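Take a look at the structure below.
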There are 2 protein chains.
Amino acid sequence: MSDLSPIRVAFLLFPDVTQLDLTGPAQMLSRLGNTTIDLVAQTLDPVMADAGFALLPTATFESALPPDILCVPGGMGVNDAMEDADTLGWVQRAAAGADWVTSVCTGSLLLGAAGLLEGYRATCHWAQHHHLAAFGAIPVKQRVVIDRNRATGGGVTAGIDFGLTLVAAIRGEAHAKLVQLALEYDPAPPFDSGAPERADAATLVRFQAMGKSAAAARDARIMAAAARLRPAPS
Amino acid sequence: MSDLSPIRVAFLLFPDVTQLDLTGPAQMLSRLGNTTIDLVAQTLDPVMADAGFALLPTATFESALPPDILCVPGGMGVNDAMEDADTLGWVQRAAAGADWVTSVCTGSLLLGAAGLLEGYRATCHWAQHHHLAAFGAIPVKQRVVIDRNRATGGGVTAGIDFGLTLVAAIRGEAHAKLVQLALEYDPAPPFDSGAPERADAATLVRFQAMGKSAAAARDARIMAAAARLRPAPS
């Protein structure tokens, strides 16, 4: 694979990231061939993810080399991250020189808060999808959305479909099919409950109840981030 | 979720693990509720995974508490790991007290080398599946196989189906469906190339060519591990 052009992929890493938002596409993208994967955070200290273990940054906002692909994962920590000027600043700088500006799950809200989705078609985790428009994005209900050099994936596990789609866009369909076979990506979910349109009513009710106490505060923070980006006309 | 019984999940961590073998099921199992996830390695030093970044152990073979669920991921590093007496020793000790003894991808070969699959139905990455029988396991071509308290998943991405299946077995179907909805597990692979039965001929030829130079040496090491487990009658 030494005849393949080198590709540097940088994932933003922040506390309380949903780790599969990052590790799923990282597995696919690491098979682009001739690829470097960076996990970029404020410092080199381990960053606690949502699942009970830490991920280790490979570079900081100051030391990271400019990536060819920027990817912002999501998770509960996205609200803090989108209020942090250093984080938004690095995302903007990295995006400026990148061939691909991408996200998985609620990472698209952070891209939005950085002003990087205005006028772009984009997707997000289904439960937060309605927030995209506040950042000037054009919300599209699809598992993977590509609009010019913006590629966004839906919630969590959608990062795997997103990653494989990006592999095909960059290295071609034959390469992507080889990666799919190597990673045995032949999904067989034991239930059909992965989208609100198909989940049963009891599951939906439980899901809504689960997030209810935190939802209002989170929504207010997302609205505030959008207002900072696009001040209401006075 | 405080009325749920506590569950400790331990993943074996070793150099050159296929990180999604671990991080995929870890995401699902972290949503069991009242769960602790341990990544257990020889030392607490960062462990380089296959995808270009390190994972950080939470415990060592000496300090790890006995898990309720033991999970062994796979990857190219499995060959070294299955030749390491400390690793096999910890896997055997952890398995002895666990409710569930599990693996993803070629992790089942390591379980086999530890003598933990004799007489059990099991699966493995499709390209290494034929090695299971050498360890006394009963090979089953399925994405997830459960036989008594052994649960094994197929290659890499099968760990997500494996994880969700285990969530259902432990916490019930309603809980699993809620986790599936929260993680938007509604896969939509862009191609149908994730299994050798459906990949096109060109992809299969490229896959076989890719691994060919290393295959003979790897196969010999797996056979040697099986021979140590079950000496041929003299």
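All values reported here derive from a predicted model rather than from experimental measurement. Residue numbers begin at 1 in each chain, while the letters A, B, ... track the order of the sequences.
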Considering heavy atoms only, which positions within residues 139-155 of chain B lie below 4.5 Å of chain A? Arg143(B), Gly154(B), Gly155(B)
Do any of residues 125-133 of chain B have a heavy atom less than 4.5 Å from a heavy atom of chain A, and if so, which, in residue order?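 His125(B), Trp126(B), listed by number.
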Which portion of [X] sits near chain A, non-hydrogen atoms under 4.5 angstrom:
{"X": "Pro57(B)", "value": "neither"}
{"X": "Asp38(B)", "value": "neither"}
{"X": "Thr58(B)", "value": "side chain"}
{"X": "Leu183(B)", "value": "both"}
{"X": "Leu20(B)", "value": "both"}
{"X": "Thr36(B)", "value": "neither"}
{"X": "Asp200(B)", "value": "side chain"}

State the CZ-OG distance between Phe53(B) and Ser30(A), to the nearest 0.5 angstrom.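 Rounded to the nearest 0.5 Å, the CZ-OG separation comes to 7.5 Å.
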What distance separates Met28(B) CE from Thr157(A) OG1, expressed to the nearest 0.5 Å?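 Those atoms lie 6.0 Å apart.
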Turns out that what part of Leu56(A) lies under 4.5 Å from chain B's heavy atoms comes down to both
Between the side chains of Gln27(B) and Asp50(A), is a donor N or O closer than 3.5 angstrom to an acceptor N or O? yes
With side chains defined as the heavy atoms from C-beta onward, is the minimum distance between Gln19(A) and Leu55(B) less than 4.5 Å? no
